[in-house]
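All ligand and atom numbering here is 1-based and tracks the order in the structure. Just so you know, residue 1 is the first one in the sequence shown, and it goes up from there.
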Amino acid sequence: MKILVVGSGAREDAICQALQKNSQNVVFCAPGNDGMKLSEIKTISIEENDFERMANFAKTNAIDFTIVGPEEPLVNGIVDFFKRQGLKIFGPNKQAAQVEGSKVFTKRLMADAGIPTAQYQEFTKLENALNYLKATSDFPIVIKADGLAAGKGVFIASDLVTAIETVTDLLAEHKFGTKKVVIEEFLEGEEFSLMAFVDHKRFYPMPLAQDYKKIFDGDEGPNTGGMGAVCPVSNLSKDIEQVAVETVLKPFVAELYKEGIKYTGILYAGLILTKNGIKVIEFNARFGDPETEVVLPRLQSDLSEIIEQILCHKSIKKIDWETNGINLGVFAVSKGYPVKPVFGSLGDRDSFKKCPLMINYAAVKQDQQKLFSHGGRLYLMQAQAESVEDAQVKVYRELEKMDQTNIFYRRDIGKNSI
Ligand code: AMP
Ligand code: GLY
């Protein structure tokens, strides 16, 4: 089959490499990145929001189906655009992608389905939001911009002064272009991610994963796009996974269907295990990044076949996953990330080719025989091993062999799982 993957990060690299496990598949990625070329992925220079050129490419190259990685094209309606032209594409349509595009939309669906999530209030008027904040004593409090904010729209305010400043930025200055905020209860506990393939009312869960969001060891410092990930999450029992499926995924998928929202694609639930049980932090309308990088290598069934079946709305009997050991991935990022990343050489292409571990590339460019950084997150290196400790030894041993001049990485990925 000929398959087009939309996006340019390590997540899309992981999707492409999973598709390539079936040697019959020819995999294109648009726009992709130069690192992907090391694993023979064909990159096409079409930007992810250029739907016209993307669809023309799919037509002229007889692409069997397209898979969308990032949220922006989904929320902007790439699926609707492709379908209008009779092209097959895997992902939720514009309406269904509101699951990620609008926090208010999703909170309402959760309330209707009785799914546990943080208590919240929505505000469009600054004055009302300020009055609400002044009347509460529940700090820290969480303030979220409604709409996509590239992962930057969530603020945890530890006191009233910070909360007032944040809400004023959002509702008076319209930071991130938002007109609405959600103010919600701060939840405490261990966070984990549960993804599923969804075909209208049917869904097929993937194993649990965990993302390490903070820049520094010990979960210190500002949030990033993700500094590493593990799958499965060995300190969360199988029971937790089952409870999450029963109390979150199942009622949410059923509610979407009941509301007439035809969801096809990946549904991502960001969850937290509080002392009052599992609650939802957020839903996303796509594969998680960097969770996908460590989840998909554990898929033993053929990814292209799963997606083909879903696109034909055929039920899938069984999806097989690796049940032994753990996959652990560590992101090498630019020094200075996430505040002010500094770019430079990452070393010879050959040093990457020689690495015995799987690498997924993100913001890298190739010039002559060298790779260079041109963004924050550069490449995720991962190992599969019997235990977290063994996986850490394998990954860190190989990462240390790479050119260290312009990279930084956390040394404790997997720590919660030991
Ligand atoms: P999001 O962009 O919605 O993924 O949120 C980013 C991060 O903010 C989450 O992964 C959590 O760590 C944190 N967060 C979001 N909502 C809450 C909440 N209600 N309580 C505590 N932390 C939260
Ligand atoms: N890992 C979090 C996300 O993909 O949004």
Under a heavy-atom criterion of less than 4.0 Å, does R286 contact ligand 2?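 In this structure, R286 qualifies as a contact of ligand 2 - some heavy atom is under 4.0 Å.
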Side chains of E127 and Y132: any donor to acceptor distance under 3.5 Å?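 Looking only at side-chain atoms, E127 and Y132 do not form any donor-acceptor pair under 3.5 Å.
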Geometry only, no angles: is E185 polar-contacting ligand 1 at N/O separations under 3.5 Å?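 Between E185 and ligand 1, an N or O pair is found under 3.5 Å apart.
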Do any heavy atoms of E188 fall under 4.0 Å from ligand 1?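 No.
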Minimum-distance pair of heavy atoms, taken over all atoms of I272 and E188: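 Closest heavy-atom pair between I272 and E188: CD1-C, 3.9 Å.
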Shortest non-hydrogen contact from I413 toward L328: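 That closest heavy-atom pairing would be O-CD1, 3.5 Å.
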Measure the distance from atom 2 (C) of ligand 2 to every protein heavy atom, then report the residue, atom name and distance (to 0.1 Å) of the closest one.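 Answer, as residue, atom name and distance: Y268 OH, 3.3 Å.
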Under a 4.0 angstrom heavy-atom cut-off, which atoms of ligand 1 come close to [X]?
| X | result |
| --- | --- |
| F186 | 20 (N), 21 (C) |
| K213 | 10 (O) |
| E184 | 16 (N), 17 (C), 18 (C), 19 (N) |
| I281 | 15 (C), 16 (N), 17 (C), 23 (C) |

Ignoring hydrogens and angles, tell me if any N or O in the side chain of S373 forms a donor-acceptor pair with the backbone of G375 under 3.5 Å.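 Not confirmed, S373 side chain does not pair with G375 backbone.
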Would you confirm whether D217, through its side chain, and R411, through its main-chain N or O, come within 3.5 Å as a donor-acceptor pair?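 Yes.
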Specify side chain, backbone, both or neither for L187, according to which of its non-hydrogen atoms lie closer than 4.0 Å to ligand 1.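 Near ligand 1, L187 shows its backbone as well as its side chain.
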The one among E191, K279, K103, Q119 that brings a heavy atom closest to atom 11 (C) of ligand 1: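 It is E191 whose heavy atom sits nearest to atom 11 (C) of ligand 1.
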Are more than 12 heavy atoms from other residues, nucleotides or ligands located less than 6.0 Å from atom OH of Y257?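 Count not over threshold, so no.
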State whether the number of non-hydrogen atoms from other residues, nucleotides or ligands found under 6.0 Å of K250 atom NZ is greater than 12.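 It does not: K250 NZ has 12 such atoms or fewer within range.
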Give yes or no for whether the N/O distance cutoff of 3.5 Å, strictly under, is met between E291 and ligand 2.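 For ligand 2, there is an N or O atom that lies under 3.5 Å from one belonging to E291.
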Can D320 and K318 be counted as an ion pair, charged N to O under 4.0 angstrom?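 Salt bridge: yes.
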Can E293 and R11 be counted as an ion pair, charged N to O under 4.0 angstrom?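 Salt bridge flag = no for R11 with E293.
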In terms of atom number and element, which parts of ligand 2 are under 4.0 angstrom from non-hydrogen atoms of [X]?
| X | value |
| --- | --- |
| D211 | 1 (N), 2 (C) |
| N284 | 3 (C), 5 (O) |
| G288 | 4 (O) |

